[in-house]
Number of protein chains: 2
Amino acid sequence: MKQLNPTNAMLNTRDYIIRVGTDLICSRGFNAFSFKDISREVGIANASIHYYFATKTDLGLAVVQAHIKELEKLKENNSERDPWTKLNAFFNIYCNAQADKRVCIAGTLLTDLPSIDTPIRDELNKLVTAIFAWLISILEEGRRKKVFYFSSAPRTKALMIITNLMAGLQISRISGVQDFELIKNTIIKELKG
Amino acid sequence: MKQLNPTNAMLNTRDYIIRVGTDLICSRGFNAFSFKDISREVGIANASIHYYFATKTDLGLAVVQAHIKELEKLKENNSERDPWTKLNAFFNIYCNAQADKRVCIAGTLLTDLPSIDTPIRDELNKLVTAIFAWLISILEEGRRKKVFYFSSAPRTKALMIITNLMAGLQISRISGVQDFELIKNTIIKELKG
DNA sequence: GTCTATAGGGGGATAGAC
DNA sequence: GTCTATCCCCCTATAGAC
């Protein structure tokens, strides 16, 4: 818990910048945040950020890479659990974003994709692939163990669920939290068959 | 057809700017396009855009309002059709965006929401409400006429479908067109019961 | 590692001629 | 309506002191 959610004081400057960068990207979008926003929040000079990240693209890259690492850690920490617990851990990625009124990194970068530098795009590709791989494996295990019921191919079901969650975060920003909860509960209900 | 998809030469300058603005917002995002991009495409000076739209927010507002009007027109043009034809017309909004590698205006504005001025947000709220209202009415009619089958409340089903389509446009930007088609076909298959 | 200062460029927006 | 010229601000990024 402490490792997954360290307080800001526990972080070194580099990780603190990544955290604040993540928050800004996932709330306003990559093109709507500046180094000034980060320097204000972290409490260091604008120029000092460049000591850690030479360019804004480098920072964006680090933010996406941090997401990949967190996902791998989460996957590993839950590897011995049952499918429903794994699914719950997967959902929590989105629930945590929702609690902070953020959207997911994939959604916000994808909507601006042509304006995003290719190094970030390539890393985003890896992240999306990893997200799919994990959910597909959870769905396959759940079906095999007869605790999930769905008729389509696992990858198709994963595609439907991920799009529900991704856009659920976006829509609920104006329609309200209850819509995100409704989506989550509907997915669960349908999997129960 | 000509009214819905006029060529650029058929448009007055104001509508031409709105069309180019729409393309830019839906491909790069509101914060990644400039008046210079529009002036280059439309072929008028940067300053001339301000004759039609005093501020960038005014232009964004007009873009969202244009979407609302198009939606109303589409709804009206299909009011006498059967539920499946109506649903197809609804899907086509997203299919047309996908064909141009764009995402939907709601998704791209929602991911950047805190950076968007309130007049645009208010208009976006109206657009999202209108989108929901139309799909809900289509779903209700289809269920009543026994051509659609779904177990949840119409609004819940609409929420699931809209999030599938919205994020489907986003995800398919990296995973490929076939994923958007897969989502569309899965929604149809499920409605057939 | 962090700072101040500043370069260099692009952004939205305005003034005023035609 | 459209233009040129320009203002002013903010942005990313760099230079160089401490």
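In what follows, chains are A, B, ... by sequence order, proteins preceding strands, each numbered from 1.
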Using atom [atom1] of [X] as one end and atom [atom2] of [N] as the other, report the distance to the nearest whole Å.
X       : N      : atom1 : atom2 : result
A:Ile44 : C:dT4  : CD1   : P     : 12 Å
B:Leu59 : C:dG11 : CG    : C1'   : 15 Å
A:Ile38 : C:dT2  : CD1   : C1'   : 16 Å
B:Asn31 : D:dC11 : CG    : P     : 12 Å
A:Lys56 : D:dT14 : NZ    : C1'   : 18 Å
B:Asn12 : D:dT2  : CG    : P     : 10 Å
B:Ile49 : D:dC3  : CD1   : P     : 10 Å
A:Asp58 : D:dT12 : CG    : P     : 13 Å

Under-4.0 Å salt bridge between B:Arg155 and A:Asp179: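 Counted as a salt bridge, because a side-chain N and a carboxylate O are separated by less than 4.0 Å.
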message: Any carboxylate oxygen within less than 4.0 angstrom of a Lys/Arg side-chain nitrogen, looking at B:Glu123 and B:Lys126?
response: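 The answer is yes: the pair qualifies as a salt bridge.
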Counting just side-chain N and O atoms, does [X] come under 4.0 Å of either OP1 or OP2 of [N]?
X       : N      : answer
A:Thr13 : C:dG1  : no
A:Tyr51 : C:dG1  : yes
B:Ser48 : D:dC3  : yes
A:Ser34 : D:dC11 : yes

- prompt: A:Phe33 vs A:Phe30 aromatic rings, parallel, tilted or perpendicular, using cut-offs 30° and 60°?
  reply: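 Taking A:Phe30 first and then A:Phe33, their aromatic rings stand perpendicular (interplane angle over 60°).
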query: Among the nucleotides D:dT14, C:dG12, D:dC11, which one has an atom lying closest to any side-chain atom of A:Lys36?
result: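 Nearest nucleotide to the side chain: D:dC11.
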- request: Look at the side chain of B:Tyr52 and decide which nucleotide, out of C:dG12, D:dT2, D:dT12, has an atom nearest to it.
  value: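 Ranking C:dG12, D:dT2, D:dT12 by closest atom to the B:Tyr52 side chain puts D:dT2 first.
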message: Within the 3.5 Å criterion, strictly below it, is a donor on B:Thr163 or A:Asn164 matched to an acceptor on the partner's side chain?
response: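 Side chains of B:Thr163 and A:Asn164: pair found under 3.5 Å.
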message: On DNA chain D, does the nearest nucleotide to B:Ala45 precede the nearest nucleotide to A:Asn46 from the 5' side, or the other way round? Give the residue.
response: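 Final value for this comparison: B:Ala45.
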- request: Might you work through the side-chain contact (heavy atoms from CB on, under 4.5 Å) test for A:Glu190 and A:Lys157, ending with a clear yes or no?
  value: CA-CA 11 Å; A:Glu190 286 179 357; A:Lys157 187 66 181 174; 3.8 Å; yes
- request: Using a heavy-atom cut-off of under 4.0 Å over every strand shown, decide if A:Phe33 touches base, sugar-phosphate, or nothing.
  value: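 Sugar-phosphate, no base atom in range.
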